[in-house]
**Student:** 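Below are the structure tokens for one structure; questions will follow.
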Amino acid sequence: MTWALCAVVTCGLLSIWVRWNPDRFSAAAALLGTVIALFGTLSLWAWRAGARRKHSSGGQVADAAEVLARTVRRQWEEEAVLRQLYDPAPLPVVWSDCTRPGICDHRPLVGTSVVCRADDPRELAAAFGGLARRRLALLGPAGSGKTTFAVLLMLALLRTRATGDPVPVLCSLSSFDPARESAAGWLRRRIAADYPALADTEHYGVGVVEDLLTEHRLIPVLDGLDELPERSRAAALASLNDTLPSDTPLVLTCRTDAYVRAVAASGVLTGAAVLEPAPVRTGDALVLLRLATPPGPRQRGWDVLAEHLDRRPGAPAARALTSPLMVALARSVYADHDNDPAELADERRFLAPADIEHHLLDALVPTLYGRARRQSPARSWEPRRALAHLAHLAAGMHTQGTHDLAWWQLYRWTPALAGPWRRALTWASVLCAGLVLAASLCGFVGNAPLPDVLRWYPQSVLEALAFLPVPAIGSLIVLSGRGLPRKSVVAAAVALSGGLTIVPSAWFYYPDASLPLLVGAIGFYVFSLWLVLLGAGLPSPPRMPSRSRPARERRRRQLMRALALVAGVAAISEAVFAGYAIAGYGAVLPSGTVPWGLAIGVTAGIGLAALDWVRDPSTADDVATAASSVRTDRLISLIGAAACAVVFNLPDGVMRAVLASSDPLHTTTYAAVVGLFHGGLIAAVLALAAHSWPHYTIARLLLAARGQLPWRLQPFLAEAHRLGILRRVGPVYQFRHARLQHHLATHAHGLRS
């Protein structure tokens, strides 16, 4: 179909142009060659698009499952150490079938009844494997240990796993929006983002994540259905039933009341056993707390508390320690520190279990940071300051309605970046400041008179204002996928909007220019903008950060993609130059310059292909973490900004060299230097606006300038994770307990003051 359409267009254009003016047959022939090359590129693209739909082989899927199993086990073994799940031992919480009616599927579809202890890995694995469809819903109130049980079950399955068994993978449901995507699509995207190694198509094929799900080689562990907005919980549960086969292994955690309401609206989770925990026995809690405390005088505090609870089994402390969350908090506050647990026996101070909970939550952060500061005074944060920063993080996450601290979403916390036009104004201000600084530097280096330097300032302001619609319109357009035709058309539309608004600045820069020269200058500006947008993407924060590094493998596939991109850009560039020649703009393009369009297109295409190669997924990181994803996106952002600055100046630099009547080398060098300080800044800012790291950096600096966040945010988050205040799920952080986030967010104002 592509080549048939090419033949029709070729014959039609030839007949029209030859009859119109036979003298321009050579120019028409050049343009037709360009059209043929473009259609050839589209044919190659269509062939590659069909190749992408192929599935991975059985051996590739098996290899991917084994690599993923090792990666997930290493990831969660390290996380279990930080969460102190096995230090000294897991809390012996008993989980059994929920007795609430109407929330569990028919018993023949579920399997046998389940009773298991969280501290026995073999019992956990056997209980899960004994279910008819290996589907499980873990319910309980806040602080009942649902996530802890899910992690212990994952590790139990991984430790007892045989070759070929499915791999449990934990995903936080807080990023799932059932109104925008299906559960299966979200799972594929989430797993691919958290484990970039699976993107190695050379070893594992193209659709390995989809194949792993289809062949039931994965056990999705979906944590926190209750973290979704209430209106989305029933839709999420329905999407799980509708888009995943009913025999797909699955683990789901949710608060009991939220799950009951979701089931009432959408129906039960098909084939899933529903478990709830029994309250922790006070004796088991005290045994664990004693074992976690080093031998010595500090054991006396637990003895005093135990004696009090023996006399008063209904005391507030006894009721508080029936919650796994309270036991974990008591361990963090008392077991590893000099605080005296005997104070929990003071019933005049603690009238109810809620008073003990507030006390432990208040003491957690200062206690952990106080100990870290004593161990390393120069490297740790001051406890009060750290508490204020964590309080602002909790308040910001509460305002955004999420339990995930995703660094690439931090721009939503600042008014300057929250909306499309505000973002556009911010980037226009950055560009204006850069242009003014560049003009000042050029004037200083070139020893230009002060009036000439000052004359450049209004032009910088005009160009910044002309730049404003480009990021604004780019942010308003939602571009799904990476299809080359759609991406090219959208980029052309956004570039055209920038060309229309550059007219006042062009008149200012060329006050005595003729209309053909002015039209030519604006045309080259639009063409350069199109090249930048094609290479960097639309200037709006992406949904996910870049997760790739320059890959050294898969050279054949990369070469085919690079050839397609170079051929496409070269064809369009030649069409633009040939169009100018046919239109008769001799002042802009004298005779003999048509081949320069092909040269510019090939050069620019090579640059864009290099950018595409940089973004190609590689296996540099087995697991995407916050720090690694920040570094990766920063690298790609800077490389993209530098490359786009060069690509943007190619058409103008080449045309200056072509039109130079004398000393073209000097003219080209001057144009390159001035262009990099002028047009290069426009392209660099446009490329930076298309990535996550620049938005994150601006937001982080603005929040740090207000004293709300530390200047070194990632080291601060890593330290909070090491201390056990935050937990990490892929590239996002979460507070160790949702109750801790709520407590800090509720008391944020008082803590910051």
Side-chain angles (χ1 to χ4, degrees), residues 175 365 369 379-382 385-420 422-431 433-434 471 475 539-547 624-641 684-723 725-726 728-735 741 744-745 748 751-752:
S175 63
V365 174
Y369 273 98
R379 299 180 59 185
S380 185
W381 275 263
E382 193 271 327
R385 197 69 186 150
L387 182 60
H389 293 325
L390 289 170
H392 181 78
L393 287 173
M397 294 164 65
H398 179 75
T399 302
Q400 296 295 322
T402 180
H403 292 273
D404 288 346
L405 179 59
W407 63 266
W408 59 92
Q409 298 291 335
L410 194 66
Y411 73 92
R412 300 180 184 270
W413 297 24
T414 56
L417 297 172
R422 292 182 179 182
R423 275 198 303 274
L425 184 60
T426 299
W427 285 113
S429 301
V430 171
L431 175 61
S475 295
S540 62
R543 291 180 60 188
M544 291 293 294
S546 303
R547 56 182 177 88
T625 64
S628 68
S629 59
V630 168
R631 290 193 299 268
T632 299
D633 197 85
R634 178 178 58 199
L635 173 66
I636 293 179
S637 299
L638 296 177
I639 292 177
V685 170
L686 198 60
L688 290 175
H691 294 88
S692 299
W693 174 75
H695 292 90
Y696 159 75
T697 301
I698 294 176
R700 177 177 62 85
L701 294 177
L702 290 175
L703 294 172
R706 299 172 189 166
Q708 296 172 338
L709 291 183
W711 291 99
R712 300 170 61 241
L713 180 57
Q714 288 301 323
F716 175 79
L717 297 177
E719 177 72 2
H721 176 239
R722 186 185 68 82
L723 294 177
I725 298 170
L726 299 178
R728 189 173 64 202
V729 182
V732 304
Y733 284 106
Q734 299 172 340
F735 276 91
Q741 176 184 335
L744 291 175
L751 291 173
R752 287 197 295 268

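Being a predicted model, the structure only gives us computed values, none of them experimental.
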**Student:** Would you please name every residue forming a side chain to side chain donor-acceptor pair (under 3.5 Å) with Ser637, sequence neighbours left out?
**Tutor:**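 Only Asp633 meet the side chain to side chain donor-acceptor pair (under 3.5 Å) criterion with Ser637.
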**Student:** Taking Thr426 for its side chain and Ala416 for its backbone only, find out whether a donor-acceptor pair lies under 3.5 Å.
**Tutor:** yes
**Student:** For residues His389 and Gln708, report the shortest heavy-atom separation together with the two atoms involved.
**Tutor:** ND1-O, 3.3 Å
**Student:** About how many Å separate CE of Met397 and CG of Leu405, when rounded to the nearest 0.5 Å?
**Tutor:**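 Between atom CG of Leu405 and atom CE of Met397 there are 5.0 Å.
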**Student:** Hey, are the side chains of Leu744 and Leu387 touching, using non-hydrogen atoms and a 4.5 Å cut-off?
**Tutor:**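 Side-chain contact under 4.5 Å: yes.
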**Student:** Any side-chain heavy-atom pair from Phe716 and Leu393 closer than 4.5 angstrom?
**Tutor:** yes
**Student:** Could you check if a side-chain atom of Leu701 sits within less than 4.5 angstrom of a side-chain atom of Trp711, using non-hydrogen atoms only?
**Tutor:** yes
**Student:** Is the shortest side-chain heavy-atom distance between Trp407 and Ser692 below 4.5 Å?
**Tutor:** yes
**Student:** Rounded to the nearest 0.5 Å, what's the gap from OH on Tyr696 to OG1 on Thr414? Could you check?
**Tutor:**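 Reported value, rounded in 0.5 Å steps: 12.5 Å.
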**Student:** Taking all heavy atoms of Gln714 and all of Ala627, pick out the closest pair and write down the distance.
**Tutor:**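 It is OE1-N, 4.1 Å.
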**Student:** For the ring pair Trp381 and Tyr369, is the centre-to-centre distance below 6.0 Å?
**Tutor:**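 For Trp381 and Tyr369, the ring centres are not under 6.0 Å apart.
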**Student:** Do Arg634 and Arg631 make a side-chain contact, defined as non-hydrogen atoms from C-beta onward lying under 4.5 Å apart?
**Tutor:**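 Yes; the side chains approach each other to less than 4.5 Å.
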**Student:** Indicate yes or no for a side-chain donor-acceptor contact from His691 to the backbone of Ala687 under 3.5 Å, with no hydrogens or angles considered.
**Tutor:** yes
**Student:** Would you say Leu410 and Leu703 make side-chain contact, with heavy atoms under 4.5 Å?
**Tutor:**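 The answer is yes; the side chains approach within 4.5 Å.
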**Student:** For Arg412 and Ala418, work out which heavy atoms get closest and say how close.
**Tutor:** O-CB, 4.3 Å
**Student:** Indicate yes or no: at least one non-hydrogen side-chain atom of Thr399 is less than 4.5 angstrom from one of Trp413.
**Tutor:**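 Thr399 vs Trp413: side chains apart.
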**Student:** List the atom of His721, the atom of Leu726, and the distance in Å for their closest heavy-atom pair.
**Tutor:**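 Heavy-atom minimum between the residues: CD2-O, 3.3 Å.
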**Student:** Taking the side chain as everything from C-beta on, heavy atoms only, tell me whether Arg700 gets closer than 4.5 Å to Leu709.
**Tutor:**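 No. Closest side-chain heavy atoms not under 4.5 Å.
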**Student:** Work out which heavy atom in Asp404 is nearest to a heavy atom in Ser175; give both atom names and the distance.
**Tutor:** OD2-N, 4.1 Å
**Student:** Can you tell me how far CG of Leu431 sits from CH2 of Trp427, rounded to the nearest 0.5 angstrom?
**Tutor:** 10.5 Å
**Student:** Hey, is the main chain of Thr402 close enough, under 3.5 Å, to the side chain of Gln741 for a donor-acceptor pair?
**Tutor:**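 It does hold such a pair.
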**Student:** If you measure only the distance, is there a donor-acceptor pair under 3.5 Å linking the side chains of Trp408 and Ser629?
**Tutor:**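 On atom types as modelled, these side chains do not qualify, holding no pair under 3.5 Å.
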**Student:** Minimum heavy-atom separation for Ala704 and Pro710, please, with both atom names.
**Tutor:** CB-O, 4.0 Å
